[in-house]
> 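Sharing a structure here in structure tokens format.
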Amino acid sequence: MTDIFKFWSQIGAKETMHPADAPIFSRLKGKHAFDLRCLPLNFSGPLQNARVVLLYLSPGLSKHDATFAKTSAGQRFYSEQRTGRAALPNDPSSLGYEWRRSRLRFLGDWESALDRIAVMNIGAYHSKTFTDHDVLAALPSSRKALDWAQNVLFPEAEAGKRVVICMRAAKYWGLRAGNVYGRSLFAPTAGRSGHMLKGAMRERIEKAARSALVP
């Protein structure tokens, strides 16, 4: 099993494609919906030891992502995030802040816990609409993410060492929506936007996650 953090240390700061993924994209000859002008990564936040981890399918695409990739600030940000030790950014003007505010508010005072929350995707490449499930399955970067989740992250959650919440694409993570695995691996029913539906499971998840974030 390859460590996901070691895997992402093998890409240069300016590279918009992981070297291991390059052969697959070369064969596709542009026939995919991923924007390869952006910087890739499967996760953000301190994934190495985050107390709460939210799972999604792949990064979205904002009008600023490609421009951000060309800046030294953007390249430095991604390099730091790839270590799995950097906190989520807390600046309201930072890229993705509104998405985080919308998705993390169920955690309560999430802005005070950005050094304890991580987000993880199966896919590492940005796209406005996601239709390339076949490509995702072929990419080494996606397979490394799933391998690490299945062998490290999920067992830790089942043992109660972290709270892991699958907000989207449960079946691609090898989970089933509506189920709880072990002590704190949750696959709630959620909408396409990644918001949990109201009910007893949501209440249980909110309680577990907020408790895990207490300093």
Side-chain angles (χ1 to χ4, degrees), residues 4 8 16 33-48 50-71 73-133 136 141-142 145 149 153 162-170 172-173 177 186-198 202 205-206 209-210 212-213:
I4 191 173
W8 281 106
T16 59
F34 297 115
D35 191 328
L36 299 182
R37 298 173 301 164
C38 306
L39 295 171
L41 187 58
N42 307 78
F43 57 87
S44 57
L47 184 61
Q48 289 205 39
R51 298 182 187 178
V52 174
V53 181
L54 306 184
L55 305 179
Y56 292 90
L57 182 60
S58 73
L61 179 67
S62 81
K63 61 182 180 180
H64 303 295
D65 285 322
T67 302
F68 192 53
K70 297 177 181 179
T71 67
Q75 293 159 14
R76 184 170 57 252
F77 172 79
Y78 270 79
S79 293
E80 291 171 351
Q81 288 292 319
R82 287 174 183 144
T83 67
R85 294 188 295 269
L88 292 169
N90 60 3
D91 184 350
S93 66
S94 62
L95 199 64
Y97 176 82
E98 286 303 316
W99 185 92
R100 289 190 294 278
R101 185 184 66 81
S102 172
R103 301 311 194 280
L104 302 181
R105 60 189 177 189
F106 79 93
L107 296 172
D109 185 17
W110 60 274
E111 290 181 293
S112 297
L114 292 173
D115 60 343
R116 283 158 273 159
I117 302 169
V119 175
M120 187 176 184
N121 295 294
I122 296 175
Y125 297 90
H126 294 262
S127 61
K128 188 171 183 180
T129 57
F130 188 82
T131 57
D132 295 300
H133 297 84
L136 204 65
S141 58
S142 298
L153 186 64
R162 314 186 191 219
V163 173
V164 175
I165 311 165
C166 185
M167 306 296 279
R168 277 209 65 190
Y172 294 106
W173 285 103
F186 300 98
T189 303
R192 284 186 57 82
S193 60
H195 292 285
M196 288 185 288
L197 302 185
K198 294 181 179 180
R202 175 169 177 156
I205 291 170
E206 287 183 358
R210 294 186 186 196
L213 292 176

> Please identify each residue that fulfils side chain to side chain donor-acceptor pair (under 3.5 Å) with Thr189, with sequence neighbours left out.
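For Thr189, no residue satisfies side chain to side chain donor-acceptor pair (under 3.5 Å) once neighbours in sequence are set aside.
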> To the nearest 0.5 Å, how far apart are CZ in Arg101 and OH in Tyr97?
7.0 Å
> Can you tell me how far the NE2 atom of His126 sits from the CZ atom of Arg37, to the nearest 0.5 Å?
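CZ of Arg37 is found 11.5 Å from NE2 of His126.
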> Please name the pair of heavy atoms, one in Val52 and one in Ala209, separated by the smallest distance, quoted to 0.1 Å.
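In terms of heavy atoms, the two residues are closest at CG2-O, 3.7 Å.
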> Would Tyr125 and Ser141 count as a side chain to side chain contact (heavy atoms under 4.5 Å, CB included) if you check the C-alpha gap in whole Å, the side-chain angles of each, and the deciding distance to 0.1 Å?
CA-CA 9 Å; Tyr125 297 90; Ser141 58; 3.8 Å; yes
> If you round to the nearest 0.5 Å, how far is CZ of Phe43 from CG of Asn121?
11.0 Å
> For Asp35 and Thr16, what are the C-alpha separation, side-chain angles and deciding distance, and is it a side chain to side chain contact (heavy atoms under 4.5 Å, CB included)?
CA-CA 9 Å; Asp35 191 328; Thr16 59; over 6 Å; no
> Determine, step by step, whether Val53 and Val163 satisfy the side chain to side chain contact (heavy atoms under 4.5 Å, CB included) criterion, reporting the C-alpha distance in whole Å, the side-chain angles of both residues, the deciding distance to 0.1 Å, and the verdict.
CA-CA 6 Å; Val53 181; Val163 173; over 6 Å; no
> So, Trp173 versus Tyr56, ring centres under 6.0 angstrom or not?
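No, ring centres 6.0 Å or more apart.
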> Do Asn90 and Glu111 pass the side chain to side chain contact (heavy atoms under 4.5 Å, CB included) test, and can you show the C-alpha distance, the side-chain angles, and the key distance before you say yes or no?
CA-CA 7 Å; Asn90 60 3; Glu111 290 181 293; 5.9 Å; no
> Please confirm whether the backbone N or O of Phe106 pairs with a side-chain atom of Arg210, one donor and one acceptor, at under 3.5 Å?
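A pair under 3.5 Å: yes.
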> Can any side-chain N or O of Arg116 pair as donor or acceptor with the backbone N or O of Ser112 at less than 3.5 Å?
yes
> Nearest 0.5 Å, what's the CZ-CD distance between Arg103 and Glu98?
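The CD atom of Glu98 is 11.0 Å from CZ of Arg103, to the nearest 0.5 Å.
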> Could you list the residues that satisfy side-chain contact (heavy atoms from CB on, under 4.5 Å) with Ser58, not counting sequence neighbours?
Ser127, Phe130
> Between atom CG of Leu41 and atom CZ of Arg82, what is the distance when rounded to the nearest 0.5 Å?
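Reported to 0.5 Å precision, the distance equals 6.0 Å.
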> State, yes or no, whether a side-chain contact exists between Leu54 and Val164 at a heavy-atom distance under 4.5 Å.
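No, their side chains stay 4.5 Å or more apart.
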> In Å and rounded to the nearest 0.5 Å, what is the CG to CG distance from Asp115 to Leu88?
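Answer rounded to 0.5 Å: 9.5 Å.
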